[in-house]
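The structure that follows is given in the form of structure tokens.
Here is how names work: the chains are called A, B, and so on, in the same order as the sequence lines, proteins then strands, and each is numbered from 1. Only this structure's heavy atoms are used, side chains among them; waters, hydrogens and symmetry mates stay out.
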Amino acid sequence: MSEQKRITPRTLKGFRDYPPEAMIPRERLISTARRVYRSYGFSPIDTPALEYLDILSGKGGEETDKQLYKFQDHGGRWVGLRFDLTVPLARFAAEHVNELGIPLKRYHIATVWRGENTQRGRYREFMQCDFDTIGTRSVAADIETTLVIHDLLRAIGFSDFTIRLNNRMVLSGLLERLGLSERATAVLRALDKLGKIGAKAVAEEMTSTAGASAEQAAQVLRLAELPSGNEEALRAVEPLVAGNETGQLGLHRLKEVLDGATAGGVVDGRLRLDLSIARGLDYYTGTIFETFLNALPAIGSVCSGGRYDNLAALFTSQELPGIGASLGLDRLLAAMEELGMIEKVSTPAPVFIPYFDKSRLHDYLRLASAVRRAGVGVEVFCDPKRLGDQLKYADRRGFRVALIAGGNEFQAGVCQVKNLQTGEKQDVPLEPDAASIVAAIKKLLEIDLTA
RNA sequence: GUGGCUGUAGCUCAGUUGGUUAGAGUACCAGAUUGUGGAUCUGGGUGUCGGGGGUUCGAGUCCCCUCAGCCACCCCA
């Protein structure tokens with residue numbers, strides 16, 4: 001026998017395997033997002049992972065360019081892996097709006113790649129769950145976007161979170177008045193760090209890096225000192241944008257979004273005006289969102305987005321205004337893991353049937369398929385090992401119910417339905433359609449859900 | 001991309017100033033039990049000490065490089 005050369009199994013930095021324990025909550029989150037998006041009428045789309053490089057790098061940020069995974073394909077074409085879902089959406093919209101019509105409401109749940117340094121909740125391959133409404137400037141879309149973010153977080157199981165709301169036009173108006181329009185990007189980038197590094201450090205960065213005067217920096221920072229109540233904050237902003245049309249328009253829209261969200265059922269306190277959020281991406285032009293978990297603000301925004309005037313300017317002369325947001329699935333999962341919200345289960349099926357009596361395989365299979373027909377997942381163990389071992393397996397995987405039947409049960413025409421969480425068991429008549437057994441299972445599963 | 005910290009069994013970790021054959025708990029596997037698991041008992045170490053090179057009589061331990069993880073910067077989900 002010759003020695004076989006083995007390759008060390010490993011994954012690239014920032015790329016991960018997802019074992020069942022990780023994949024089950026992941027899939028659950030994806031299906032929650034899908035359900036919420038669909039409930040507002042957003043339709044699914046998908047686009048290729050690989051695009052022509054000029055399409056991806058067209059937007060042109062230097063930072064973006066550095067993070068792009070790019071290479072030449074077999075035909076010598078320069079291609080790249082998408083690093084977000086917005087640029088592919090722009091290309092998609094430019095190609096297909098005329099067939100699909102406006103407004104185009106789509107969601108897109110897919111993997112993206114960024115070759116940047118890794119950190120907790122930050123990977124090189126991760127999944128985004130985007131939804132966007134394209135082709136309208138109506139405030140109704142801004143409000144709806146707010147409601148979707150809110151419903152999404154609620155549906156996932158959070159109640160303690162804050163959606164921070166801002167409008168780029170207010171910032172622009174203020175900067176115009178201060179004569180800082182030229183330096184807007186750098187100033188806003190500094191302002192965006194307010195929550196993290198504090199007012200003093202922000203002021204310093206504004207004067208040193210962004211080239212603002214101390215007086216200008218102080219003026220910008222007054223945004224941070226706004227009262228915490230939304231009504232009061234709105235009133236306080238008024239004098240700051242007085243006489244500036246852009247700023248006033250932005251302020252008006254903020255008010256409309258706040259009122260609309262309240263009408264749509266967003267509880268007071270979950271949506272907060274915060275003029276210090278600026279978002280890194282510079283294609284946002286109006287409403288901006290960032291969502292933080294109050295229990296874990298350090299992990300950053302888990303759902304961000306905003307309004308843009310002209311999504312596809314790079315690809316078409318047709319003007320396509322829109323608004324949307326993106327749920328950071330992997331970041332959110334990292335947060336949920338840390339908050340103990342991830343149930344340790346490695347089976348997606350709730351019911352377990354031990355392969356108990358060697359001669360009864362067909363009976364087990366029949367029973368399993370009857371239960372499946374009733375819409376409940378069942379696993380039949382595949383080796384007739386000792387019952388204790390099989391139950392141990394079921395326990396480790398997180399099964400909720402076991403259907404145990406051996407010679408005694410078959411003789412008596414019953415099946416033992418066992419609650420694996422409490423150990424309680426009961427004998428239930430074994431019928432051809434397993435109706436009584438299904439009823440017993442459903443009852444158990446319901447009780448567990450409400451507990 | 002820059003800087004700092006870390007890396008020993010699947011997991012959590014111990015391992016003395018460099019010294020012989022690298023340990024514990026837990027998990028896992030096999031069995032005292034051919035009918036009942038989530039804390040019974042018994043047996044089993046499952047390890048390229050992240051990888052490579054160097055110093056040394058001798059390296060898990062010291063030095064260099066590299067890979068990976070965490071933290072900060074940057075940027076962002």
Checklist entry - Partners of E21(A) by side-chain hydrogen bond (donor to acceptor under 3.5 Å, both in side chains), sequence neighbours excluded? => result none
Are there any protein N/O atoms within less than 3.5 Å of an N/O atom in nucleotides 67-71 of chain B, and if so, which ones and at what distance?
| unit_1 | atom_1 | unit_2 | atom_2 | d |
| --- | --- | --- | --- | --- |
| rA68(B) | OP1 | K13(A) | N | 3.4 |
| rG69(B) | OP1 | G14(A) | N | 3.1 |
| rG69(B) | OP2 | K13(A) | NZ | 3.4 |
| rC71(B) | OP1 | R120(A) | NE | 2.9 |
| rC71(B) | OP2 | R120(A) | N | 2.6 |

Pull out every protein N or O sitting under 3.5 Å from an N or O of nucleotides 29-38 of chain B, one pair per line with the distance.
| unit_1 | atom_1 | unit_2 | atom_2 | d |
| --- | --- | --- | --- | --- |
| rG35(B) | O6 | G407(A) | N | 3.3 |
| rG35(B) | O6 | N408(A) | N | 2.6 |
| rG35(B) | O6 | N408(A) | OD1 | 3.0 |
| rG35(B) | O6 | N408(A) | ND2 | 2.9 |
| rG35(B) | N1 | N408(A) | ND2 | 3.4 |
| rG35(B) | N1 | E409(A) | OE1 | 2.8 |
| rG35(B) | N1 | E409(A) | OE2 | 3.4 |
| rG35(B) | N2 | E409(A) | OE1 | 3.4 |
| rG35(B) | N2 | E409(A) | OE2 | 2.5 |
| rU36(B) | O2 | K418(A) | NZ | 2.8 |
| rU36(B) | N3 | Q416(A) | OE1 | 3.0 |
| rU36(B) | O4 | Q416(A) | NE2 | 2.9 |
| rG37(B) | N7 | K418(A) | NZ | 3.3 |
| rG37(B) | O6 | G423(A) | N | 3.4 |
| rG37(B) | N1 | L420(A) | O | 2.5 |
| rG37(B) | N2 | D395(A) | OD1 | 2.4 |
| rG37(B) | N2 | L420(A) | O | 2.6 |
| rG38(B) | O4' | D395(A) | OD2 | 2.4 |
| rG38(B) | N2 | L420(A) | O | 3.3 |
| rG38(B) | N2 | Q421(A) | O | 2.2 |

Checklist entry - So what's the dot-bracket for RNA chain B: Watson-Crick or G-U pairs under 3.5 Å, [ ] if a pair crosses, | if it pairs off-strand? => result (((((((..((((.....[...))))(((((.........)))).)...(((((..]....))))))))))))....
Checklist entry - Who pairs with Y107(A) by ring pair (Phe, Tyr, Trp, His ring centres under 6.0 Å), at least two apart in sequence or on another chain? => result Y37(A)
Checklist outcome for this item: residues 406-415 of chain A vs salt bridge (charged side-chain N to carboxylate O under 4.0 Å, His left out), sequence neighbours excluded, gives none
Checklist outcome for this item: Residues passing the salt bridge (Lys or Arg N to Asp or Glu O under 4.0 Å) test with D142(A), sequence neighbours excluded, are R253(A), R307(A)
Checklist outcome for this item: Atom CG of L85(A) and atom C1' of rC76(B) are separated, to the nearest Å, by 14 Å
Next on the checklist: Quick test of your reading: applying ring-ring contact (aromatic ring centres under 6.0 Å, His included), list the pairs with at least one residue in residues 402-422 of chain A, sequence neighbours left out, ordered by first then second residue.
Outcome noted: Y364(A)-F410(A)
Checklist outcome for this item: Taken in chain and number order and not counting sequence neighbours, the residues that satisfy side-chain hydrogen bond (donor to acceptor under 3.5 Å, both in side chains) with D309(A) are T285(A)
Next on the checklist: What does the B/S/- profile of nucleotides 5-10 of chain B look like, 5' to 3', with a 4.0 Å heavy-atom cutoff to protein?
Outcome noted: ------
Checklist entry - With R360(A), which residues qualify under side-chain hydrogen bond (donor to acceptor under 3.5 Å, both in side chains), at least two apart? => result D363(A)
Using a 3.5 Å cut-off and no angle test, enumerate the donor-acceptor pairs between side-chain atoms of residues 24-35 of chain A and protein atoms at least two apart in sequence or in another chain.
| unit_1 | atom_1 | unit_2 | atom_2 | d |
| --- | --- | --- | --- | --- |
| R26(A) | NH1 | D330(A) | OD1 | 2.5 |
| S31(A) | OG | R28(A) | O | 3.1 |
| T32(A) | OG1 | R28(A) | O | 2.9 |

Next on the checklist: Between K105(A) and E144(A), does any side-chain N to carboxylate O distance fall below 4.0 Å?
Outcome noted: yes
Checklist entry - Are the charged groups of K442(A) and E446(A) less than 4.0 angstrom apart, N to O? => result no
